Asker: 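For reference, the structure I am asking about is given below.
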Number of protein chains: 2
Amino acid sequence: MRASDRAYAALRDEIIDWQLTPGTVLAEVEQAARLGVSRTPLREALARLTADGLVATQAGRGLMVTDVSADSIRQLFELRRALEEQAVRLAATRRDPAVFDALALEFERASTLIGRPEDRAAYYELVARLDAAIDDSVDNGYLVSALENLRTHLVRVRRLAKDNAARLLESAVEHLTITRAIADGDVELAASATHLHLHRALQHALGAHDLTIATTAMSHHGTTTLERTAS
Amino acid sequence: MRASDRAYAALRDEIIDWQLTPGTVLAEVEQAARLGVSRTPLREALARLTADGLVATQAGRGLMVTDVSADSIRQLFELRRALEEQAVRLAATRRDPAVFDALALEFERASTLIGRPEDRAAYYELVARLDAAIDDSVDNGYLVSALENLRTHLVRVRRLAKDNAARLLESAVEHLTITRAIADGDVELAASATHLHLHRALQHALGAHDLTIATTAMSHHGTTTLERTAS
DNA sequence: TCGCGCTACTGTGTATACATAGACGGAGAG
DNA sequence: CTCTCCGTCTATGTATACACAGTAGCGCGA
């Protein structure tokens, strides 16, 4: 594997996993040394991250990890609705019914997975397989590319939101509805079910984000107070 | 301006202007020499073009200018519908009515521009200003980024389609309808008018493409015949 | 004559050296 | 004491040199 690919994957994973938090400055020599590559492949990695929107040039201060705010989540979900509604519409038209029937069966049993913390990863993997089946059915490279980039951002937001069992059980039902609609070739039902799913996911994400903001603000306040007391 | 930006702009413009035709191999040293930059900024330019989807790595043969086929145009317009319908929906919600009222007045007078070949560019510029007004109204960086990338591909297809006056007059009426719907804040009308506009634009683009394919095939046949005769 | 293998070469990927612009700090003047 | 200007220094942008892999072409053997 190329050094530039490794650097890109490493930085992207650290950003979506919140190890590199928004506002972190990514200096070329520093990151190149840390990741064990030279500046040339690292610059290529940073260029790709910039194109992805995970990193942006902040006037005069070099490249910074982009922010996640309530407003950016709103924007992200507006794009998500456009792309995913179109994707499920096309998937419902072009799908192989057997594939989505099989996935629907799995979603019916998903509540078991969600209940056991050790099987939580298996549920996320099931959702990923639904995404892959939709990508495969839409038969549209431009749309799939846009969806892949979108999902990178969504993972970052999801890591922040910390799904709870209640929300996951809800989402399993929503996914089941979407999957059945695609299997049945019901374009409008698939689109409406997706709209509903995204509406609820946005509410959940925004709620979690507000909590995080509040918590962060409080802990910052506390730190500041301690610093003042110490000085 | 940076050398990598110049190289990117030069290559992109040549690709969308069909000076670099699909299948052309872009070797690094060759292009670097031609554009008067070193390999480093040129590689950055090629990476950006690859991310844009204007260039792709063909197994073993290096980077090639991507193809434009009837199928790729179909895919492009499926993505276009998703993005533009969402964009006009959001624009109709968030617009400044005065901006779109002014644009609507200009579209009413557009038939004059289309009639005179020397003012043809002025009509395209008017459409570009409508796009810019929509971008400004949607207040969504992710969506605008996706639209900008999409438009690059659309320009390449349009250069192929060679709009005629009849189609442009039709499109002016469609644009007027969309602009008025946005000005009035009529979300569903704006979305439906956009759907209709894209449907007609696709028919036109596909028709033009088929003609080009037929012409190319004929000229290729002719060339082959000549070569055989010569040898 | 056909097939297999070897060699040379071209082109990509990476490292590094160099140029330059912009930011930060210090010193001096008002 | 503060503001401004100048110098230095750090970080980015570019060029180039080197390493290596993949390929094409040629030659040799069957």
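So that the names make sense, note that chain A is the first sequence line, chain B the second, and so on, each numbered from 1. What you see is a predicted model, and the numbers here were worked out from it, not measured in a lab.
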Asker: Please determine if A:Glu125 and A:Arg129 form a salt bridge, counting it only when a charged side-chain N lies under 4.0 Å from a carboxylate O.
Answerer: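 A salt bridge is present here (some side-chain N lies under 4.0 Å from a carboxylate O).
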Asker: Look at the aromatic rings of B:His153 and A:Tyr142 and report parallel, tilted or perpendicular, splitting at 30° and 60°.
Answerer: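 Because their plane-to-plane angle is over 60°, the rings of B:His153 and A:Tyr142 count as perpendicular.
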Asker: Rounded to whole Å, please give me the gap between CG in B:Leu63 and C1' in C:dT12.
Answerer: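 Distance check: B:Leu63 CG to C:dT12 C1' gives 10 Å.
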Asker: What is the distance from CD of A:Gln58 to P of D:dA11, rounded to the nearest Å?
Answerer: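 Those two atoms, CD and P, are 18 Å apart.
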Asker: Using the side-chain heavy atoms of B:Arg2, tell me which of these nucleotides is nearest: D:dG13, D:dT12, C:dG11.
Answerer: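 Nearest to the side-chain atoms of B:Arg2, counting from C-beta on, is D:dG13.
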Asker: B:Leu26 CG to C:dG11 P: how many Å, rounded?
Answerer: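 From B:Leu26 CG to C:dG11 P: 13 Å.
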Asker: Between the base of C:dG22 and the side chain of A:Arg61, is one N or O donor paired with an acceptor at under 3.5 angstrom?
Answerer: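 Answer is no: no donor-acceptor pair is held.
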Asker: Figure out the CG/P separation between A:Leu42 and C:dG13, and round it to whole Å.
Answerer: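 Result: 16 Å.
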Asker: Can you measure from CG (B:Leu126) to OG1 (B:Thr179) and round to the nearest 0.5 angstrom?
Answerer: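 So the CG of B:Leu126 and the OG1 of B:Thr179 are separated by 8.0 Å.
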Asker: Pick one: which of B:Arg74, B:Arg80, B:Gln75, B:Arg81 meets side chain to side chain donor-acceptor pair (under 3.5 Å) with B:Glu78?
Answerer: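 Of B:Arg74, B:Arg80, B:Gln75, B:Arg81, side chain to side chain donor-acceptor pair (under 3.5 Å) with B:Glu78 is met by B:Arg74 alone.
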Asker: Could you tell me how far apart A:Glu44 (CD) and C:dT14 (C1') are, to the nearest whole angstrom?
Answerer: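 My rounded result for the distance is 10 Å.
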Asker: Is there a donor and acceptor pair closer than 3.5 Å between the side chain of B:Arg39 and the base of C:dG11?
Answerer: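 In this structure, the two groups form no donor-acceptor pair.
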Asker: Between atom CG in A:Asp5 and atom P in C:dT14, what is the gap in whole Å?
Answerer: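 Nearest whole value for this atom pair: 8 Å.
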Asker: Can A:Arg12 and A:Asp5 be counted as an ion pair, charged N to O under 4.0 angstrom?
Answerer: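 Salt bridge between A:Arg12 and A:Asp5, a charged N being under 4.0 Å from a carboxylate O: no.
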Asker: Mind calculating the distance between CE (A:Met64) and P (D:dT12) to the nearest angstrom?
Answerer: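 Those two atoms, CE and P, are 14 Å apart.
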Asker: Starting at CD of A:Gln31 and ending at P of D:dT10, how long is that distance when rounded to a whole Å?
Answerer: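 A:Gln31 atom CD is separated from D:dT10 atom P by 18 Å.
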Asker: Among the nucleotides D:dT12, D:dA15, C:dG13, which one has an atom lying closest to any side-chain atom of A:Ala27?
Answerer: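 Of the candidates, D:dT12 comes closest.
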Asker: With a cut-off of less than 4.0 Å, is there a side-chain N or O of B:Arg43 near OP1 or OP2 of C:dG13?
Answerer: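 Yes, because at least one side-chain N or O of B:Arg43 sits under 4.0 Å from OP1 or OP2 of C:dG13.
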Asker: Phosphate oxygens OP1/OP2 of C:dT14: is one of them under 4.0 Å from a side-chain N or O of A:Thr40?
Answerer: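 A:Thr40 to C:dT14 OP1/OP2: no side-chain N or O under 4.0 Å.
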